[in-house]
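Scroll down for the structure; my scribbles are underneath it.
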Amino acid sequence: MSEQPEQPSTPATPAPPPTAEEIHHLEAQRRTNRDKAAALGLDPYGGRADGLLSLRAAAERYDADADAHHQANSKAEGHVDRRPVVRTAGRVVLHRDNGKLVWMNLRDQSRDSLQVAVSKRDATESGFGLSKIADVGDILVVEGPVMKTRAGETTVWASDVRAASKCLVPPPEKHSGLSDPETRYRQRYLDMWSNPETTRALTLRSRLVSHTRRFMEGRAFLEVETPVLQPQTGGAAARPFVTHMNALDMRLYMRIATELHLKRLMVGGMGRVFEIGRIFRNEGVDKRHNPEFTSMEAYQAFGDYETMAELTETLIRELATLSAAFWQDAGTGDGSLTLPFGELAIDYAQPFERVTYNELFERALGFAPADADRAWAEAEQRGLVGKYARHLKAEGREIKASDLRGKIDDLLIVNELFEEVGEAGLDPARPTFVFDYPSALSPLTRPKKDAPEIAERWDLFIAGMEIGPAYTELNDPDIQEAKFREQLSGLDDEESTFRNLDEDFLRALKVGMPPAGGLGLGIDRLAMLMSNSLSIRDVIAFPFMRPEA
RNA sequence: GGGGGCGUAGCUCAAUCGGUAGAGCACCGGCCUUUUAAGCCGUUGGUUGUGGGUUCGAGUCCCCCCGCCCCUACCA
């Protein structure tokens, strides 16, 4: 790999404009209309416009008394029109030409539609002329009094219309819209124009992240930024993306978690830190996984996992409150804290459910995780032993419980069972903390003092999705090192390529990290829950897609 | 990775057993100053994802490839 050679910013020969044969006739027609707008003395691509109101704000300026007064007296001598005059802008979504009166509906992010009427009598000549040749998709600036039609629809009765941008692309169908998922994700701008709910979901996501920041700051957490590019990854078990740094000719990895750096900051003396940022995991893509996603990790010195449970539950309840108000405002919710997610109705007002890992296991399987004999037998019967063996790249022969038992921790098989049937025992409509995972599964977590096989860790599940874990953080460098070494032993070659011992992290722990509670939250999945989006792609503006052919 | 489905006009979708590729909307021309998925009249629009094969004849059947969706697996 070498550096890209420097290119002049402008090519010696500019790309030739498309020839007539290359332009689709629908685009050609729009280019003609653009030229006609220019002939009216208007810049088809507009310019600065001051004093613009959103469509929503413009509609809210409607004054019924002034409108009635105007309707009654418009032909009277000396009549003064007191209707509020607005200047607003939006993209044309409907266009109806009645001859000397043109009706259009504009859309912006504040309002799906606001009607505009442009009459030959009352509008400027250029404004009327422009409205005659406006195409669906064009962006227009409209000025005029706000009134209501006979049918009662709020309308800007244009005195002037100016061009702001030309749309050269034929629009989606005006009623059924754009529904092809591939086009929606690849050309998000088309999707957002055609499907306002897309913009709404992304808008809500922005508000959720913003509120989360304010919430954390309100609790005296400091927002920090840690490296995305790292010589080694850590803090989670996931395959990383690999890249290369030219200057030092070295391999670098994209981070798979922010944990180890945030803890270093605690060692340094920052008592409460959080980071909201992009995480990259080189794994499968499906409705709940995107290769890059956003997490919030937070660490609170002198807290523990109970501290983080309270923080998490309070935060999510506030986010649900914000979301309920958002959807009520958008006209699709009743404002209650019971939010829909697909077929589910999830009540965020009630205290979240709490169960322990062992309770959940026993409820689903009828015996305790400590009963290793039954766990191995049950796992074998369910075909989970072979599944785990495949995990170890030991495929090619039939693996029996007797082959594996003794070679791996019993709890790894217990956890296979738990994930298979334990999690299924959760009520998906009830946010649930699952407390106290086996220590063997939680290398960065402090074991319970009176039961070291159990780690002070919980996972939060909502709608069957793992929203995030929290720990009472392990701050004993010797135990931490032992757990790291245990994790590294028994790994096959491929996995060990990506796992390594973070010596500097251990060195930091030796300096001394205060006892702490730590938390990780999947922001995308929270956004899914709060916006009733069944696919993670609906809350990511530009989700990963295979490149077009 | 495995299984299933899909790809037709700008958009949303049809096309019977393998037998002339259609509709609505959009677009274009005409009429229309309270329409609102405006309406009325008249037009236009296609290498059926790509490449091969079978056949007198392929949107339809077979194979390769590309892309998307669903299920499943992976993601301690």
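Quick note on labels: first sequence line is chain A, next is B, and so on, each numbered from 1.
Under the 6.0 Å cut-off for aromatic ring centres, Y437(A) and Y357(A) qualify, their centroids lying closer than that.
Here R96(A) reaches the OP1 or OP2 of rA38(B): one of its side-chain N or O atoms lies under 4.0 Å away. In this structure, R281(A) does not reach the rC74(B) phosphate: none of its side-chain N or O atoms is under 4.0 Å from OP1 or OP2. Phosphate contact (OP1/OP2 of rA26(B), side-chain N/O of K174(A), threshold under 4.0 Å): present. The phosphate of rC25(B) (OP1 or OP2) has no side-chain N or O of H175(A) nearer than 4.0 angstrom. For the pair K287(A) and rC71(B), the criterion of a side-chain N or O lying under 4.0 Å from OP1 or OP2 is met. Contact check, Q115(A) against rU36(B): no side-chain N or O comes under 4.0 Å of OP1 or OP2. OP1 or OP2 of rC32(B) has not a single side-chain nitrogen or oxygen of K132(A) nearer than 4.0 Å. The phosphate of rC27(B) has neither OP1 nor OP2 within less than 4.0 Å of any side-chain N or O from R30(A). For S179(A) and rU12(B), the shortest distance from a side-chain N or O to OP1 or OP2 is below 4.0 Å. For rC28(B), one of the phosphate oxygens OP1 or OP2 lies less than 4.0 angstrom from a side-chain nitrogen or oxygen of N33(A).
Note on ring orientation: taking the six-membered ring where Trp is involved, the planes of H70(A) and H79(A) are tilted (angle from 30° to 60°). Relative ring orientation between W458(A) and F435(A) is described as tilted, the plane-to-plane angle lying within the 30° to 60° band.
Comparing E420(A) and G152(A) by the nucleotide of RNA chain B whose heavy atom lies nearest to each, the residue mapping closer to the 5' end is G152(A). Nucleotides of RNA chain B nearest to Q29(A) and E419(A) differ in position, and the one nearer the 5' end is that of Q29(A).
Anti is the classification of rC27(B), since its glycosidic angle lies more than 90° from 0.
No engagement by N105(A) is indicated, since no non-hydrogen atom pair under 4.0 Å with the nucleic acid exists. Note on L441(A): nothing from the nucleic acid sits closer than 4.0 angstrom, heavy atoms only.
Straight-line distance between the C1' atoms of rU50(B) and rC6(B): roughly 16 Å, to the nearest whole Å.
Nucleotide rU43(B) forms a pair with no other nucleotide shown, judged by Watson-Crick or G-U wobble geometry with both contacts under 3.5 Å. Across every strand in view, rC6(B) sits in a pair with rG67(B) that passes the Watson-Crick or G-U test at under 3.5 angstrom. Judged by Watson-Crick or G-U wobble contacts below 3.5 Å, the nucleotide rG59(B) has no partner.
Residue R186(A) qualifies as enclosed at atom CZ: its count of foreign heavy atoms under 6.0 Å is above 12. Residue E481(A) places its CD atom among more than 12 non-hydrogen atoms of other residues, nucleotides or ligands, all under 6.0 Å distant.
Distance D286(A) CG to rG2(B) P: 17 Å, rounded to the nearest Å. A straight line from CG of D180(A) to C1' of rC13(B) spans 12 Å, rounded to a whole angstrom.
Looking at N105(A) and S113(A), their side chains do bring a donor and an acceptor atom within 3.5 Å of each other. For R457(A) and S442(A), the side-chain atoms include at least one donor-acceptor pair closer than 3.5 Å.
Against RNA chain B, the stretch residues 461-473 of chain A makes no heavy-atom approach under 4.0 Å.
Checked against rU33(B), rC68(B), rC25(B), the side chain of R546(A) finds its nearest nucleotide in rC68(B).
Remark: K148(A) is positioned above the aromatic ring of Y62(A), its terminal NZ or CZ atom under 6.0 angstrom from the ring centre and at most 45 degrees off the axis.
Judged by distance alone, with hydrogens and angles left aside, N415(A) brings no side-chain donor or acceptor close enough to the base of rA76(B) to form a pair under 3.5 Å.
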